[in-house]
Amino acid sequence: MKVTGGFEILTRLSFLVTQLTLAAGNSVVVVTHENLEEILVSNELVLLSFYTDWCRFSQILAPIFEEAASKIHQKFPENGRVILGKINCDKEEELADKFDILKYPTIKIIRNGLISNQEYRGQRSVEAFVQFVEKELLDPIEEFHSVDELKNAEVGNGIVIGYFVSKDHAEYDTYRKVASLMRNDCRFLVGFGELTKDLRPPGKNVLVYRGDPSIPNQKDYYSEYSGNMTSFKELTFWVDKKCVPLVREINFDNAEELSEEGLPFVLLFYNKHDLGAIQEFKTAIQRHLADENRVNFLTADGELFKHPLYHMGMSMGDLPVVAIDSFIHMYLFPRFEDINQPGVLKKFIDDLFSGALHYNFHLALEAQEKSESTIDPAEFPPVAHESKFKELKPSKHRYTLINRSKDEL
Ligand SMILES: *[C@@H]1O[C@H](CO)[C@@H](O)[C@H](O)[C@H]1NC(C)=O
Ligand SMILES: *[C@@H]1O[C@H](CO)[C@@H](O)[C@H](O)[C@H]1NC(C)=O
């Protein structure tokens, strides 16, 4: 999850919970504007299905969600752990607005009362829901019991390590909540007491980040958190900045979520037998475009995504290839080697936003039609193709897509 941008809607519900009498029950709870807040703040995990009676995907989901709720209740009967709820969007329009619902059914994931933009996008089967909940309820932080264990910890894309005096501390609660929210983006470790006393100032708790050592030029692949240890928001931003890499891999599991972030994709199509291109791309982005936040930088296995490649007239033999997909058009970046030239890829991205890519494309097309081309072919007029990645947005074969903007008229 990339919290930047979507973070405003991430709000702690600030009100006092009165008597919590709401038992989990073994069926899906009907959620309305009256009981929503109580349900969210009194449960560790809530899956909320936003549906309508007339949406056929919602109709198919309903009995499956019921059965899942019953199985989940058997496994986790304690109050306050997990609830499955449903909101009828025709009756609760304000809630549908508040949660930005653009398709039915949308299943939102809410942890510890925190509303984020995370959704359940997995299979809609009883087994898949049960497995998902089991995984989500595991402790997001792994405790290490020896220094050797810590030394040998697999760093992967990056880990956050906590050196804490004890578990019984408000700062540890904050760490746990943040880890719970960011559990899919980072690995979280912790060590307590005597074991870590040489790694932190006496009586103090410390959080450090260790990054992937294989990325060259990574500015701070080891850094210590210097912010407020009890500020959920500040710590979430720090973890997000450290753990969500500038360049991410796209696959069919995360494509829907990435496309819903709404930013154009700058994609490297690579050949998985030549991974050097990925390293080169990451290094170039890190070096020249570390502050670019108008796009998502992604790497795509050319074999997995050969359809969009062919669509641009490219084949596996042409890899590596860089392209922008704006969800309307795809534009091919003329020469991969130029990613190392300061400013060249940046200009290509600027040209997308200024409309120059699109404009030059039409200009080139016109010139071609009049067959009196005044454009120097050496200048590589941008070639636009219909977007292929828009097909990875939420599919009408899985959701009823709606136009919420229409309601605002
Ligand atoms: C740290 O954050 C918490 C929670 O947001 C706040 O109550 C506290 O005043 C902050 N402390 C400092 C020193 O800013
Ligand atoms: C949504 O609105 C746009 C523009 O207002 C319109 O072109 C499109 O057909 C609408 N889609 C649906 C599913 O109603």
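Remember, it's 1-based here, ligands and their atoms both numbered in the order they're listed.
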Engineer: Cation-pi between Arg56 and Tyr399: NZ/CZ under 6.0 Å from ring centre and within 45° of the ring axis?
Structural biologist: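 No; the conditions do not both hold, so Arg56 does not lie above the ring face of Tyr399.
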
Engineer: Quick one: list whatever passes salt bridge (Lys or Arg N to Asp or Glu O under 4.0 Å) with Asp338, sequence neighbours left out.
Structural biologist: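 In terms of salt bridge (Lys or Arg N to Asp or Glu O under 4.0 Å), with neighbours along the sequence ignored, Asp338 is linked to Arg335.
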
Engineer: Between the main-chain N or O of Ala153 and the side-chain N or O of Arg187, is there a donor-acceptor pair closer than 3.5 Å?
Structural biologist: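 It does not hold such a pair.
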
Engineer: Whether Arg176 and Glu171 form a salt bridge (side-chain N of Lys/Arg under 4.0 Å from carboxylate O of Asp/Glu) is what I want to check.
Structural biologist: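 No, no charged N to carboxylate O under 4.0 Å.
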
Engineer: Does the pair Tyr120 and Phe132 meet the rule for a ring pair (Phe, Tyr, Trp, His ring centres under 6.0 Å), with working shown?
Structural biologist: CA-CA 9 Å; Tyr120 177 85; Phe132 177 81; 5.0 Å; yes

Engineer: Do Asp291 and Lys346 pass the salt bridge (charged side-chain N to carboxylate O under 4.0 Å, His left out) test, and can you show the C-alpha distance, the side-chain angles, and the key distance before you say yes or no?
Structural biologist: CA-CA 11 Å; Asp291 299 319; Lys346 178 168 185 341; over 6 Å; no

Engineer: Name the residues in contact with ligand 1, where contact means a heavy atom under 4.0 Å away: which are they?
Structural biologist: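 Lining ligand 1: Asn228, Thr230, Ser231.
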
